[in-house]
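These notes concern the structure reproduced below.
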Amino acid sequence: MRVRFAPSPTGRMHLGSGRMALYNYLLARKTGGQFILRVEDTDQRRYVPTAEQELYDGMHWLGLQWDEGPDVGGPYGPYRQSERKEIYQQHAKMLIDSGHAYYCFCAPERLERVRQEQMKRKEQPHYDGTCRALDPAEAAARVAAGERHVVRFKTPKEGTTTVVDEIRGAITVQNSSIDDQIILRSDGLGVYHLAAMVDDHLMKITHVFRGSEWLPSFPLHHLIIRAFGWEPPKFYHLSVFLKPSGKGKMSKREAADLMKDGFSIFVKDFEELGYLPEAVVNWIVLMGWSYDDHTEFFTMQDLIEKFSLDRFNPSPAAINFSKLDHFNGLHIRSLSHEDLARRIKPFFLKAGIQADDARLLRIVPLIQHRIGTLDEAVDMAGFFFRDEVTPPVEDLVIQGLSAAQSAQVARRCLEVLKGLPEINVETAEEPMRALVEALGLKPGQVFGLLRSAVTGQRVSPPLFESMAVIGREKVLERIERAIRLLEGM
RNA sequence: GCCCCCAUCGUCUAGCGGCCCAGGACGUGGCCCUCUCAAGGCCAAAACAGGGGUUCGAGUCCCCUUGGGGGCACCA
């Protein structure tokens with residue numbers, strides 16, 4: 001089994017591309033086949049220089065390795081369409097010689113005019129067939145004389161064509177509705193209709209995954225393949241992703257708004273937003289594919305084992321970011337402490353916090369169940385690495401008590417803690433709870449004060465576990481400071 | 001305008017004629033746990049777009065309507 005992911009480097013790599021690449025990858029790995037990366041860069045005007053690198057980065061980040069491609073080579077190269085110009089020209093010539101295609105000398109301006117008139121008459125715009133009737137020998141002579149030309153595919157004008165999409169079943173269209181499309185441009189480069197069909201055949205592709213936007217031209221592609229006398233690969237047209245509301249595709253403006261909320265539709269953005277590639281993979285694989293009626297958590301290994309071709313859903317899927325958050329939490333919690341420590345470290349560094357590995361490893365168990373994205377680790381646990389913390393004074397005042405009274409409570413706590421040779425859950429929790437009771441207060445009141453004093457935050461990992469990591473000296477120091485703050489009120 | 005595709009809870013989906021007064025998940029609400037916040041556990045509300053057929057029987061098959069998506073380039 002040979003599959004291919006064939007993006008055109010015309011912009012940023014979005015989630016839909018990621019899913020497409022993922023399905024190809026899974027199928028190849030599951031069956032022991034090859035996964036080919038082919039760059040469809042035949043349109044030089046739309047080419048974006050940075051796009052190809054972003055593509056590589058995005059796929060690497062998702063964990064998708066390809067077996068053949070522009071950068072790694074392979075037996076069926078070149079894998080960049082701009083380097084296969086001669087191949088398309090040869091194949092266009094083959095179709096002309098067999099009577100399946102013809103030279104066309106029509107000026108684009110005239111064609112545009114014809115299109116306008118057809119639309120005015122409420123017809124489907126199509127080529128009017130001027131050059132289709134040309135004598136082949138005469139046309140060849142004009143080409144030889146250097147006249148500017150393109151090559152068009154000659155579609156049958158009668159009858160019907162039936163193609164099979166493996167997800168949807170048979171689709172039959174009237175041949176009269178299939179236009180004589182240009183398959184070779186005047187600059188000699190093949191257009192998609194020719195180039196992709198030729199490459200898929202030459203590269204021995206057995207299963208094609210592509211977007212459902214290709215469905216309307218699917219019959220044309222079938223005709224082209226048959227004109228060469230080839231057996232077509234199996235086609236799977238994947239539905240598009242809709243915006244979260246479910247109404248329409250994501251626009252540029254909406255994509256920008258998304259970024260403000262900590263989301264994106266571009267694969268490369270998810271890393272710095274604090275998402276795990278495992279979570280993104282788990283999330284997108286389930287948009288249009290399912291395993292059964294209840295299993296949703298998958299690692300890449302699971303997917304390689306369980307991926308199948310008969311469980312695609314043909315309807316468009318709206319992107320659901322809260323589900324991504326859910327999967328991210330699930331995968332964060334399934335990571336080993338070492339692994340999680342390694343992954344959150346860059347976020348501390350980016351926040352200007354030099355997080356040492358030993359301490360990082362100690363705090364990971366305290367935050368693993370409390371963060372939804374990796375960047376949240378900094379907010380949750382940054383205080384562990386700071387020399388001192390400055391809680392807002394009002395956070396130190398116990399609800400229902402005055403500042404002075406709160407300071408008194410803090411003093412009593414300090415006394416108890418000072419009497420301990422070490423502060424951790426085993427040594428401190430019991431005496432502190434006893435103190436709380438003796439004071440006639442609730443645990444939440446006293447522990448809240450201490451939490452603010454020691455961590456500088458209202459929300460933190462559990463108090464005594466946190467104190468243990470911070471260390472006795474620093475804990476006492478921070479409580480003393482809190483008392484001074486309260487007394488200064 | 002014409003052509004093609006799609007249609008189950010708000011969202012992702014299971015369902016391939018009787019197992020379905022429709023199952024799972026996210027989200028939402030409630031309860032439990034609890035030093036904060038989470039995580040976890042339990043419970044709840046929430047859908048077969050509408051109308052015709054076919055059939056003993058339809059969410060499942062067919063047709064129409066409606067809604068949504070895509071396409072109609074010397075772009076992919």
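Below, chains carry the letters A, B, ... as their sequence lines are ordered, and counting in each starts from 1.
For A:L238 and B:C4, the CG to P distance is 22 Å, given to the nearest whole Å. Between A:I284 atom CD1 and B:A25 atom P the separation is 23 Å, expressed in whole Å. In this structure, A:I183 places its CD1 atom 17 Å from P of B:A73, rounding to the nearest Å. To the nearest angstrom, C1' of B:C35 lies 8 Å from CD of A:E429. The interatomic distance linking A:N328 (CG) with B:A25 (C1') rounds to 16 Å, in whole Å. Atom CG in A:L215 sits roughly 8 Å away from atom C1' in B:G70 (whole-Å rounding). Atoms CG (A:D165) and C1' (B:G71) sit 15 Å apart, rounded to a whole Å. Nucleotide B:C26 holds its P atom 9 Å from the CZ atom of A:F327, rounded to whole Å.
Among the protein residues, A:V150 comes within range of the nucleic acid bases, having at least one heavy atom under 4.0 Å from a base atom. At the heavy-atom level, A:I171 lies under 4.0 Å from the strands shown only through sugar-phosphate atoms. A:E465 comes within contact range of at least one nucleobase, with a heavy-atom separation under 4.0 Å. Across all strands shown, A:P461 has heavy atoms under 4.0 Å from base atoms, whether or not it also approaches the sugar-phosphate. In this structure, A:R433 reaches the bases: a heavy-atom distance under 4.0 Å links it to at least one base atom across the strands shown. Within the 4.0 angstrom heavy-atom criterion, only backbone atoms of the sugar-phosphate kind lie near A:T42; the bases stay farther away.
Rounded to the nearest Å, the gap between the C1' atom of B:C31 and that of B:A14 is 29 Å. Using atom P as the reference point in both B:A49 and B:C33, the two lie 42 Å apart (nearest Å). Nucleotides B:C61 and B:C16, compared at atom C1', are 11 Å apart to the nearest Å. One P atom belongs to B:A25, the other to B:C42, and the distance between them is 9 Å to the nearest Å. Here, B:C12 and B:A58 have their C1' atoms 25 Å apart, quoted to the whole Å. Comparing the P positions of B:G50 and B:U66 gives a spacing of 16 Å, expressed to the nearest Å. B:C62 sits 36 Å from B:A44 when the P atoms are compared, rounded to a whole Å. Rounded to a whole angstrom, the distance from the P atom of B:C20 to that of B:C32 is 33 Å.
Side-chain N/O atoms of A:H369 include none lying less than 4.0 angstrom from OP1 or OP2 on B:A39. Taking side-chain N and O atoms only, A:R333 has a distance below 4.0 Å to OP1 or OP2 of B:G40.
The listed nucleotides are B:A76, B:C72, B:C35; the one nearest the side chain of A:P443 is B:C35. Proximity note for A:L330 (side chain, C-beta onward) versus B:C35, B:G71, B:G40: the nearest is B:G40. When distances are taken from the side chain of A:P314 to each of B:G1, B:C6, B:A76, the shortest belongs to B:C6. Picking from B:C5, B:C3, B:C37 the nucleotide with the shortest atom distance to the side chain of A:R168 gives B:C5. Out of B:C4, B:C35, B:C37, the shortest distance to the side chain of A:V173 is found at B:C4. Taking only side-chain atoms of A:V459, from C-beta outward, the nucleotide of B:U36, B:A73, B:A76 with the closest atom is B:U36. Taking the side chain of A:D43 as heavy atoms from C-beta on, and the options B:A76, B:U36, B:C5, the nearest nucleotide is B:A76.
A:E117 has no carboxylate O lying under 4.0 Å from a charged side-chain N of A:K120, or vice versa, which leaves the two without a salt bridge. Ionic pairing of A:R113 and A:D128 is not present here: no N-O contact between side-chain nitrogen and carboxylate oxygen is shorter than 4.0 angstrom. For the pair A:D187 and A:K85, the salt-bridge criterion is not met [side-chain N within less than 4.0 Å of a carboxylate O].
A donor atom on one side chain and an acceptor atom on the other are not found under 3.5 Å apart for A:T50 and A:Q53. Under 3.5 Å, the side chains of A:S322 and A:D325 contain no donor-acceptor pair of N or O atoms. With 3.5 Å as the limit, one finds no donor-acceptor pair spanning the side chains of A:R226 and A:T161. There is no side-chain donor-acceptor pair under 3.5 Å between A:N328 and A:T373. With no hydrogens or angles considered, a side-chain donor-acceptor pair links A:E112 and A:Q116 at under 3.5 Å. With 3.5 Å as the limit, one finds no donor-acceptor pair spanning the side chains of A:D43 and A:Y192.
Atom CD of A:E158 has 12 or fewer heavy atoms from other residues, nucleotides or ligands within 6.0 Å.
Between A:F5 and A:F209, the ring center distance fails the sub-6.0 Å criterion.
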*What one-letter contact string describes nucleotides 10-15 of chain B from 5' to 3', where B marks a base within less than 4.0 Å of any protein heavy atom, S marks contact via sugar-phosphate atoms alone, and - marks no contact?*
-BBSSS
*How does protein contact run along nucleotides 44-51 of chain B, one letter per nucleotide 5' to 3', with B for base contact, S for sugar-phosphate only, - for none, heavy atoms under 4.0 Å?*
--------
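Along RNA chain B, the nucleotide nearest to A:S212 and the one nearest to A:D187 differ in position, and the one closer to the 5' end is contacted by A:S212. Along RNA chain B, the nucleotide nearest to A:L184 and the one nearest to A:G444 differ in position, and the one closer to the 5' end is contacted by A:G444.
Listed by first then second residue, pairs satisfying salt bridge (charged side-chain N to carboxylate O under 4.0 Å, His left out) with a partner in residues 442-468 of chain A read A:D395-A:R458, not counting sequence neighbours.
Between the side chain of A:R451 and the base of B:C35, a donor-acceptor pair under 3.5 Å is found.
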